[in-house]
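Notes to accompany the following structure.
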Amino acid sequence: MHDTTTLDKRYLRMATIWAENSYCKRRQVGALIVKDKMIISDGYNGTPSGFENICEEDDITKPYVLHAEANAITKIARSGNNSDGATLYVTDSPCIECAKLIIQAGIRRVVYAREYRLHDGIDLLQRAGIETIHLPTSC
């Protein structure tokens, strides 16, 4: 039997590997949504389906690039699954826009590896009673 911290670290490492699928140059972000020890969705940051896989122009991120969390949450909406009570593993702490989606998706825990310079997303999650865990990884 594995303890929660061991599983959290493993899923976070998997999210880090998943981030490698991103075509973004400035920052590659990966996310996994886990429920009952099963990965029910995944995502990485990038452009919407059907768009060219170029995230930046003149080193500035294009405004329509989707965050990894948003990709994972919207993928659930297209499946027969739901994220009520799930845990989101994400390489970077969520922004405030993604935090709103996380709350609405019924996700109860967020485990992240890297702190983002803005903390308003984490603050909102905590205000909503969602458990947030900063778990720096070595990978």
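Just so you know, these numbers come straight off a predicted model, no measurement behind them.
- Considering only residues two or more places apart in sequence or on other chains, Arg27 meets the side-chain contact (heavy atoms from CB on, under 4.5 Å) condition with Val29, Asp92, Arg114, Tyr116.
- In the hydrophobic clustering, where aliphatic and aromatic side chains (Ile, Leu, Val, Met, Phe, Trp, Tyr) are joined below 4.5 Å either directly or transitively, Tyr44 groups with Trp18.
- Contacts of Gln126 classified as side chain to side chain donor-acceptor pair (under 3.5 Å), with partners at least two apart in sequence or in another chain: Thr132.
- Pairs passing the side-chain hydrogen bond (donor to acceptor under 3.5 Å, both in side chains) check and including a residue from residues 70-80, sequence neighbours excluded, read Asp42-Lys75.
- Residues meeting the salt bridge (charged side-chain N to carboxylate O under 4.0 Å, His left out) test with Glu52, sequence neighbours left out: Lys62.
- Checked against side chain to side chain donor-acceptor pair (under 3.5 Å), Lys9 has no partners two or more places apart in sequence or in another chain.
- Applying the salt bridge (charged side-chain N to carboxylate O under 4.0 Å, His left out) rule to Lys25 yields no partners; only residues at least two apart in sequence or on another chain are considered.
- Put simply, the side chain of Asp58 never gets that close to the backbone of Ile60: no donor and acceptor are under 3.5 Å apart.
- Atom-to-atom distance recorded for Leu32:CG and Ile39:CD1 is 5.0 Å, nearest 0.5 angstrom.
- Residue pairs meeting the disulfide bond (SG atoms under 2.5 Å apart) criterion with at least one member in residues 63-114, sequence neighbours excluded, do not occur.
- Between the side chains of Asn82 and Lys35, at least one donor N or O sits under 3.5 Å from an acceptor N or O.
- With sequence neighbours excluded, no residue forms a salt bridge (charged side-chain N to carboxylate O under 4.0 Å, His left out) with Arg108.
- With sequence neighbours excluded, no residue satisfies ring pair (Phe, Tyr, Trp, His ring centres under 6.0 Å) with Tyr23.
- Considering only residues two or more places apart in sequence or on other chains, Glu115 meets the salt bridge (charged side-chain N to carboxylate O under 4.0 Å, His left out) condition with none of them.
- Under the 4.0 Å criterion applied to side-chain N and carboxylate O atoms, Arg109 and Glu131 are assigned as salt-bridge partners.
- Applying the disulfide bond (SG atoms under 2.5 Å apart) test to residues at least two apart or on different chains, the pairs with a partner in residues 20-92 are Cys24-Cys55.
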